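Heads up, the thing below is written out as structure tokens.
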Amino acid sequence: MPDNISSVTEGLRTGNRAVIWGIAAIAMILAVAAALLFLSLPDANAFNTRVERIFVENDALTSPGEIKLLEVLAQSGTAFAEVLSSYRVIIFILLVFATALMIAALVLLVIFVSLNRRMSEIQRAGIEVQRLRILRGENAVMLNDMAFTLTPAAIETLAVLAEARMDDDILTGAQIEAVISGRPEADCDEAAGATRIKRLRDALGNQLVAELLVRNISRKGYTLTVAKEAIRVD
């Protein structure tokens with residue numbers, strides 16, 4: 001259990017770091033995008049500056065019609081500056097809104113992943129095998145308060161694994177077949193024992209229960225993931 005707690009704690013720390021770095025990355029990307037966007041926008045007073053240059057460079061424009069045209073241009077420049085300023089405000093608001101949405105989406109995603117992991121931990125802890133009792137005469141096995149009726153072959157396989165677990169042994173498929181069949185280990189096939197394990201898991205029905213109960217250690221063999229003090233064979 002301490003190993004499980006430490007692994008869960010480390011997972012939470014990693015998740016928190018991922019959220020912090022994710023939020024920082026999103027904020028940085030949007031800040032860079034906003035800076036590039038605002039820098040690419042023309043100056044709000046660019047139009048007014050051009051109109052002013054026209055006034056300065058064309059001081060010979062003195063007729064009422066020409067003066068009226070210059071006034072219209074000046075008013076247009078002012079309107080353009082106001083519109084561009086409003087666009088800057090709108091773009092800024094949209095960027096802030098986009099940042100908030102992306103951060104919220106990232107946080108929700110991390111929360112969903114954490115909840116799924118937590119639910120998996122709860123589910124596993126909820127069916128953790130605290131007591132294993134094998135009833136050979138009834139072809140049944142008791143896992144905590146759950147009863148399973150198995151075939152005689154499955155009961156025999158489970159009993160062999162239980163006895164090996166009580167002796168802190170790990171059995172290969174050939175050793176399992178040798179113990180059950182009574183033949184020398186050299187005459188037994190590894191696949192035969194693996195088939196017995198598969199049939200035992202199929203007989204248990206619940207895949208999660210089977211995976212929690214029977215463990216396959218690579219290149220070593222099979223064992224029960226149950227404390228030997230919790231095992232009883234009748």
Side-chain angles (χ1 to χ4, degrees), residues 1-12 14-15 109-234:
M1 290 299 292
D3 293 337
N4 293 336
I5 295 175
S6 62
S7 63
V8 172
T9 303
E10 183 62 27
L12 291 175
T14 303
L109 179 62
V110 173
I111 290 175
F112 287 150
V113 172
S114 300
L115 286 177
N116 287 336
R117 290 180 179 176
R118 181 58 181 165
M119 289 299 295
S120 178
E121 291 292 333
I122 292 174
Q123 188 178 22
R124 287 178 176 271
I127 60 173
E128 184 179 357
V129 180
Q130 302 290 343
R131 181 169 59 92
L132 172 64
R133 183 182 180 188
I134 301 173
L135 305 173
R136 282 180 168 175
E138 302 177 13
N139 290 329
V141 59
M142 296 289 298
L143 299 178
N144 297 338
D145 296 327
M146 297 181 293
F148 296 87
T149 301
L150 307 179
T151 63
I155 285 291
E156 195 64 30
T157 303
L158 185 59
V160 169
L161 291 173
E163 292 171 356
R165 179 69 185 91
M166 288 188 287
D167 295 333
D168 291 325
D169 292 332
I170 299 175
L171 300 180
T172 63
Q175 290 173 332
I176 294 173
E177 181 65 22
V179 173
I180 295 176
S181 64
R183 293 180 296 169
E185 181 181 344
D187 297 337
C188 296
D189 188 7
E190 179 71 21
T195 301
R196 290 183 180 274
I197 295 295
K198 182 181 182 303
R199 290 175 179 172
L200 171 61
R201 286 174 169 169
D202 292 341
L204 289 173
N206 189 315
Q207 182 179 359
L208 187 59
V209 172
E211 291 296 330
L212 287 175
L213 183 61
V214 183
R215 181 184 178 190
N216 181 12
I217 302 177
S218 178
R219 298 182 181 180
K220 290 186 178 181
Y222 302 92
T223 185
L224 296 181
T225 56
V226 184
K228 60 183 180 181
E229 296 83 6
I231 299 175
R232 178 179 174 184
V233 179
D234 296 333

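Residues take their numbers from the sequence shown, with the count starting at 1. Side-chain atoms are counted along with the backbone in the values below, which use heavy atoms only and exclude waters and symmetry mates. This is a predicted model, so every value here is computed, not measured.
Using modelled atom types, one side-chain atom of R201 and one backbone atom of V214 make a donor-acceptor pair closer than 3.5 Å.
One finds the CG atom of L132 at 12.5 Å from the CD atom of E229 (value rounded to the nearest 0.5 Å). Atom CD in E138 sits 12.0 Å away from atom CG in L150 (nearest 0.5 Å). In this structure, CG on N139 lies 8.0 Å from OG1 on T149, to the nearest 0.5 angstrom. Summarising the geometry, atom CG belonging to L135 is positioned 7.5 Å from atom CE belonging to M142; distances are rounded to the nearest 0.5 Å. With rounding to the nearest 0.5 Å, the separation of CD1 in I176 from CD in E156 is 11.5 Å.
Using a 4.5 Å cut-off on side-chain heavy atoms (C-beta onward), L158 and L224 make contact. Residues V226 and R165 are not in side-chain contact: their nearest non-hydrogen atoms beyond the backbone lie 4.5 Å or more apart. Between T172 and E185 the shortest side-chain heavy-atom distance falls below 4.5 Å.
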Please report, to 0.1 Å, the donor-acceptor pairs under 3.5 Å made by any side chain of residues 190-200, with sequence neighbours excluded.
| residue | atom | partner | partner atom | Å |
| --- | --- | --- | --- | --- |
| E190 | OE1 | G173 | N | 3.2 |
| E190 | OE1 | A174 | N | 3.1 |
| E190 | OE2 | G173 | N | 2.8 |
| T195 | OG1 | A191 | O | 2.8 |
| R196 | NE | E177 | OE1 | 2.6 |
| K198 | NZ | D202 | OD2 | 3.0 |

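For residues 216-225, no residue pair satisfies the salt bridge (charged side-chain N to carboxylate O under 4.0 Å, His left out) rule, not counting sequence neighbours.
In terms of heavy atoms, G221 sits closest to N216 at O-OD1, 3.3 Å. When all heavy atoms of D169 and T223 are compared, the pair lying nearest together is O-OG1, 4.1 Å. When every heavy atom of A162 is checked against every heavy atom of I134, the shortest pair comes out as CB-CD1, 3.6 Å.
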